[in-house]
Asks: 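First the structure, then my questions, so here it is.
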Amino acid sequence: MESEKVIARDNDYVLHTYNRNPIVLAKGHGLHAYGPEGQSYLDFTSGIGVNSLGYCDLAWAEAVSRQAHKLQHTSNLYYTAPCSKLAKRLCRRTGMSKVFFANSGAEANEGAIKAARKYSFDRYGDGRAGVITLVNSFHGRTLATLTATGQAGFHQYFGPFNEGFAYVEAGDIDRLEKAVDSRTCAVMLELVQGEGGVVPLDPVYVQQVRALCDEKDLCLIVDEVQTGVGRTGTFLACEQYNLQPDIVTLAKGLGGGLPIGAVLVSAKVAAGMGPGTHGSTFGGNPVVCAGANAVLDRLDDNFLAGVRAHAAQLRAGLEKLPHVAEVSGLGLMLGVQFEEGIAAADVLAACRERGLLVLTAKTRLRLLPPLVLTAHDIERALVILDEVLCGMTPAQI
């Protein structure tokens, strides 16, 4: 069987840094993925939030193909139209001044940290480079973003870790105020802690953080790698918090399936980032930017209204399922906490056997379906989840 061959070859030659699901995906369209032997899956993972328009959206694929036939790469030593077009659209849509393009969320967050430190250095001199992040956060797996991640489980094996990072509990503004000192240059947060369990921040707390950053002249960095590009029902989750950050990072769904990261900065931060301060060989790649522009073409007000409507339908359905204790998250970024004794990993495995692909985040089941899902897709997923959960009791786990 082709699946067995692919899995065996992967196990022989690919570094085992992932616990892969025991399935092979060969092709897909919309919310449906297919294995080599004809297996069919309803995918509520979007490639961990990447395939914003689902698998192989026709308009997206055509845009990527057209650009690949014209010009696939130039480096940032030259200008290309897809890059500048995407930059203009992102800045106008978010109210930010400038953008730097990278290749991933981790790289975008690295760029954000550098930009914040450069602003602080230019204004206050050396020694003011500390970044405060939140406990339970996740910002990437490079050394700096791994250090920025506020989860002790990630802080092992790879030390020494970078200096200049501190962590405070989300929601505790008093603790944050005490953590800020003369060496602090930025506060970095996710509005929904995705890998940390799909936990949204309190809006009042977020405004308190913004006020503190204004008072102390700290850069407020908002990591929207997972929440951005329509995932929560607005282009940025910041919009739902009435928040204008100094720096915001994007990745995942922006490319529609191709690797891209973006660091969007305010005018005051942009002023310090001149030639030589940052770089990327592949950043702003014209093929990737063509795909990202195709994604933005779809994300108009009517489309986002549909995302919000489908998110409400999905959430309401999840809350009615057996053994569900809580549903958290925003928009189509949802976490499901089960009653004690029901393990999210076991629910994931049982869903996979029934043809539904889902994710986990800590103790919760995590759902990140493509933004193009339909009411029928939601009902089908809810039926499968209901079948799985009805067959489980806390005693059997």
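Start at 1 with the first residue, then count along the sequence.
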Asks: State the OG1-CG distance between Thr227 and Leu332, to the nearest 0.5 angstrom.
Replies: 13.0 Å
Asks: Arg89 side chain to Asn293 main-chain N or O, any donor-acceptor pair under 3.5 Å?
Replies: yes
Asks: Checking the side chain of Glu37 only, and the main-chain atoms of Glu2 only, is there a donor and an acceptor separated by less than 3.5 Å?
Replies: yes
Asks: Donor-acceptor check, side chain of Tyr41 to backbone of Ile23, threshold 3.5 angstrom: yes or no?
Replies: no
Asks: To the nearest 0.5 Å, what is the distance between CG (Asp172) and CD (Gln208)?
Replies: 10.0 Å
Asks: Hey, are Tyr119 and Asp246 close enough side-chain-wise for a donor-acceptor pair under 3.5 Å?
Replies: no
Asks: Sub-3.5 Å donor-acceptor pair from the side chain of Glu224 to the main-chain atoms of Cys238, do we have one?
Replies: yes
Asks: Hey, what else clusters with Phe100 if you join Ile, Leu, Val, Met, Phe, Trp, Tyr whenever side-chain heavy atoms sit under 4.5 Å?
Replies: Ile113, Val131, Val135, Phe165, Tyr167, Met188, Ile221, Ile247, Val263, Val265, Val269
Asks: Do any N or O atoms from the side chain of Thr142 and from the backbone of Ala106 form a donor-acceptor pair under 3.5 angstrom?
Replies: no
Asks: Tell me if a side-chain donor or acceptor on Thr94 pairs with a main-chain N or O of Leu90 at a distance below 3.5 Å.
Replies: yes
Asks: Atom OG1 of Thr363 and atom CD1 of Ile342: how far apart are they, to the nearest 0.5 Å?
Replies: 13.0 Å
Asks: Do Leu134 and Glu190 have side chains that approach each other closer than 4.5 Å (heavy atoms only, starting at C-beta)?
Replies: no
Asks: Give a yes or no answer on whether the side chain of Thr149 reaches the backbone of Gln151 with a donor-acceptor pair at less than 3.5 Å.
Replies: no
Asks: Among Arg364, Lys362, Arg366, Arg141, which residue meets the salt bridge (Lys or Arg N to Asp or Glu O under 4.0 Å) test with Glu195?
Replies: Arg366
Asks: Could you see if Leu86 belongs to whatever hydrophobic cluster contains Phe303? Use Ile, Leu, Val, Met, Phe, Trp, Tyr and a side-chain cutoff under 4.5 Å.
Replies: yes
Asks: With a 4.5 Å limit on heavy-atom distance, are the side chains of Cys351 and Leu385 in contact?
Replies: yes
Asks: Decide side-chain hydrogen bond (donor to acceptor under 3.5 Å, both in side chains) for Thr145 and Glu110; before the verdict, give the C-alpha distance in whole Å, the side-chain angles of both, and the deciding distance to 0.1 Å.
Replies: CA-CA 6 Å; Thr145 58; Glu110 287 265 358; 4.6 Å; no
Asks: Gln240 and side-chain contact (heavy atoms from CB on, under 4.5 Å): which single residue from Val206, Leu191, Thr234 fits?
Replies: Thr234
Asks: Side-chain heavy atoms nearer than 4.5 Å, only ILVMFWY residues, links allowed to pass through others: does that put Leu368 and Phe235 together?
Replies: yes
Asks: Within the side chain of His323, is there an N or O that forms a donor-acceptor pair under 3.5 Å with the backbone of Met392?
Replies: yes
Asks: Please identify each residue that fulfils salt bridge (Lys or Arg N to Asp or Glu O under 4.0 Å) with Glu319, with sequence neighbours left out.
Replies: Arg315
Asks: Determine, for Asp217 against Lys268, whether the closest basic-nitrogen to carboxylate-oxygen distance falls under 4.0 angstrom.
Replies: yes
Asks: Are Leu31 and Tyr34 linked, directly or through other ILVMFWY residues, by side chains that come within less than 4.5 angstrom of each other?
Replies: no
Asks: If you measure from CD1 on Ile7 to CG on Asp12, what distance do you get to the nearest 0.5 Å?
Replies: 12.0 Å
Asks: Tell me if a side-chain donor or acceptor on Lys118 pairs with a main-chain N or O of Gly272 at a distance below 3.5 Å.
Replies: yes
Asks: I want to check something: taking the side chain as every heavy atom from C-beta on, are Phe44 and Leu314 in contact at a cut-off of under 4.5 Å?
Replies: yes
Asks: Applying ring pair (Phe, Tyr, Trp, His ring centres under 6.0 Å), run through Phe282 and His73 and close with a yes or a no.
Replies: CA-CA 8 Å; Phe282 292 100; His73 177 70; 5.4 Å; yes
Asks: Can you tell if the side chain of Phe138 reaches within under 4.5 Å of the side chain of Val225, non-hydrogen atoms only?
Replies: no
Asks: Can you hop from Val347 to Ile48 via hydrophobic side chains spaced under 4.5 Å?
Replies: yes
Asks: Counting only N and O atoms by type, is there a donor-acceptor contact under 3.5 Å from the side chain of Arg308 to the main-chain atoms of Gly233?
Replies: yes
Asks: How about Ser280 and Glu107: does a side-chain donor come under 3.5 Å of a side-chain acceptor?
Replies: no
Asks: Could you state whether Val358 and Leu330 fall into the same hydrophobic cluster, counting links through intermediate Ile, Leu, Val, Met, Phe, Trp or Tyr residues with side-chain heavy atoms under 4.5 angstrom apart?
Replies: yes
Asks: State the OG1-CG distance between Thr249 and Leu264, to the nearest 0.5 angstrom.
Replies: 9.0 Å
